[in-house]
Number of protein chains: 2
Amino acid sequence: MSGLVSYGMPVPDDHVDHLDETPLHVQLAAILRRAIKSGEYGPRDVLPSESQLMQEHGVARGTVRQAIETLRNEGLVVTIRGRGTFVRPK
Amino acid sequence: MSGLVSYGMPVPDDHVDHLDETPLHVQLAAILRRAIKSGEYGPRDVLPSESQLMQEHGVARGTVRQAIETLRNEGLVVTIRGRGTFVRPK
DNA sequence: GCGAATTTGTACGTATGTATC
DNA sequence: AGATACATACGTACAAATTCG
């Protein structure tokens, strides 16, 4: 499991005790941030492409880009057009 | 005049000597940045709403938001949901 | 060097949720 | 309660840069 969830999502039952209201792009950013800090993606490694992240996490491209932008603003990654997004070497 | 232009825009003549390739959101950010620095919008002043900026500059909401986000990243403004975007007092 | 495929960038539209006035 | 304003998330289309055969 461990998929992304948000309030705009279809829910199996409309009687929901608990619903994660955290925005999808924040959740995705957290996942990627953790993957980087845990070394799953090392320095200079390329992250999965936007298309791959879309499919793997079942979200729209805009959502993926928003998540990545967060990491960029945090100085964790750099993005190069036509190449991809890379883990910033310390 | 002084409207925004971009490469994706319809052009009166397809023989164009010079075309401003600067992205719309960058052009709009520049306009707002200048308006702030010139004092047109003073400290704690609220900027025009996203809807107003859309109409006044003839761009989509996403473009407006991207421009404003730039100013936010530059520390020039702060945005409050339901209120608006305000010029950050030094 | 050329062209196709891949990948990110820009720009648009729509719908809905949340907060404020 | 209604109107206004920002936030999230989906979609489409095309441009631009890079990579690969």
Side-chain angles (χ1 to χ4, degrees), chain A residues 3-11 14 16 18-32 41 44-73 76-88, chain B residues 3-11 14 16 18-32 41 44-73 76-88:
Chain A
L4 304 183
V5 270
S6 183
Y7 48 78
M9 288 269 182
V11 169
D14 54 352
V16 178
H18 178 60
L19 186 61
D20 187 351
E21 302 181 12
T22 308
L24 293 180
H25 70 89
V26 175
Q27 295 181 49
L28 180 52
I31 289 175
L32 296 176
Y41 301 117
R44 300 181 186 281
D45 273 359
V46 61
L47 262 53
S49 72
E50 293 176 356
S51 298
Q52 288 176 317
L53 291 175
M54 287 171 63
Q55 296 183 41
E56 294 169 4
H57 298 276
V59 295
R61 193 178 166 210
T63 305
V64 169
R65 287 181 60 78
Q66 222 176 331
I68 291 179
E69 187 188 35
T70 299
L71 304 182
R72 218 160 27 223
N73 289 338
L76 283 179
V77 301
V78 292
T79 300
I80 306 177
R81 195 212 284 230
R83 302 251 333 236
T85 296
F86 302 84
V87 178
R88 204 169 171 198
Chain B
L4 304 182
V5 269
S6 183
Y7 49 80
M9 289 264 179
V11 169
D14 54 352
V16 178
H18 178 62
L19 184 61
D20 187 352
E21 302 181 10
T22 308
L24 294 179
H25 71 90
V26 174
Q27 295 181 50
L28 179 53
I31 290 175
L32 296 175
Y41 302 117
R44 298 182 188 282
D45 274 358
V46 63
L47 262 51
S49 71
E50 293 176 354
S51 297
Q52 288 175 316
L53 291 175
M54 286 171 62
Q55 296 181 38
E56 295 170 4
H57 298 275
V59 295
R61 192 174 168 217
T63 305
V64 170
R65 288 179 60 76
Q66 222 176 329
I68 292 179
E69 187 190 35
T70 299
L71 304 182
R72 218 161 29 224
N73 289 338
L76 282 179
V77 301
V78 291
T79 300
I80 305 176
R81 200 215 282 238
R83 304 251 331 246
T85 296
F86 302 85
V87 176
R88 204 169 172 194

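Keep in mind that the numbers below use all heavy atoms, side chains included, and drop hydrogens, waters and symmetry copies. In what follows, chains are A, B, ... by sequence order, proteins preceding strands, each numbered from 1.
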Exercise. Starting at NE2 of B:H57 and ending at C1' of C:dA11, how long is that distance when rounded to a whole Å?
Worked result: 16 Å
For this session: Whole angstrom is fine here: how far is it from NE2 in B:H25 over to P in D:dA15?
Result: 17 Å
For this session: Would you give the length of the straight line joining atom OG1 of A:T63 to atom CG of A:L28, rounded to the nearest 0.5 angstrom?
Result: 8.0 Å
Problem set entry | Touch class at under 4.0 angstrom, heavy-atom based, for B:G62 against every strand present | nothing
Problem set entry | CZ (B:R88) with more than 12 external heavy atoms under 6.0 Å | no
For this session: Would you kindly give the CD1-to-C1' distance between B:I80 and C:dA19, to the nearest whole Å?
Result: 11 Å
Exercise. Of the candidate nucleotides D:dA9, D:dA5, C:dT8, which contains the atom at the shortest distance from the side chain of A:L24?
Worked result: D:dA9
Exercise. Do B:R61 and D:dA7 share a donor-acceptor pair, side chain to base, under 3.5 Å?
Worked result: yes
Problem set entry | Between C1' of C:dT7 and CZ of A:R72, the distance in whole Å | 13 Å
For this session: Indicate, with a heavy-atom threshold strictly under 4.0 Å, whether B:S51 touches base, sugar-phosphate, or nothing.
Result: nothing
Seminar exercise, completed: From the candidates C:dC12, C:dT8, D:dA7, the one with an atom nearest any side-chain atom of B:A60 is C:dC12
For this session: Rounded off to whole Å, could you give me the CD1-to-C1' distance for the A:I68 and C:dT7 pair?
Result: 11 Å
Problem set entry | Integer-rounded Å distance: D:dC6 C1' and B:Q52 CD | 13 Å
Problem set entry | For atom CG of B:L53 and atom P of C:dC12, their distance in whole Å | 13 Å
Problem set entry | Check: B:L24 and B:H57 side chains under 4.5 Å, non-hydrogen atoms | no
Exercise. OP1, OP2 of D:dT8 versus side-chain N and O of A:Q66: anything below 4.0 Å?
Worked result: yes
Exercise. Of A:V26 and B:G84, whose nearest nucleotide on DNA chain D comes first from the 5' end?
Worked result: B:G84
Exercise. Under a 4.5 Å cut-off applied to non-hydrogen side-chain atoms, are B:T85 and B:V78 in contact?
Worked result: no
For this session: Round to the nearest Å and state the distance from B:E69 atom CD to C:dT10 atom P.
Result: 11 Å
For this session: Keeping the roles fixed (side chain from B:E50, backbone from B:V64), state whether a donor-acceptor pair exists under 3.5 Å.
Result: no
Problem set entry | N or O in side chain of B:R65 less than 4.0 angstrom from D:dA7 OP1/OP2 | yes
Seminar exercise, completed: Out of D:dT8, C:dT10, D:dC6, minimum distance to the side chain of B:P23 belongs to C:dT10
Exercise. Has B:R83 got a side-chain N or O lying under 4.0 Å from the OP1 or OP2 atom of C:dA19?
Worked result: no
Problem set entry | 5′-ward residue of the pair A:V46/B:R81 relative to DNA chain C | A:V46
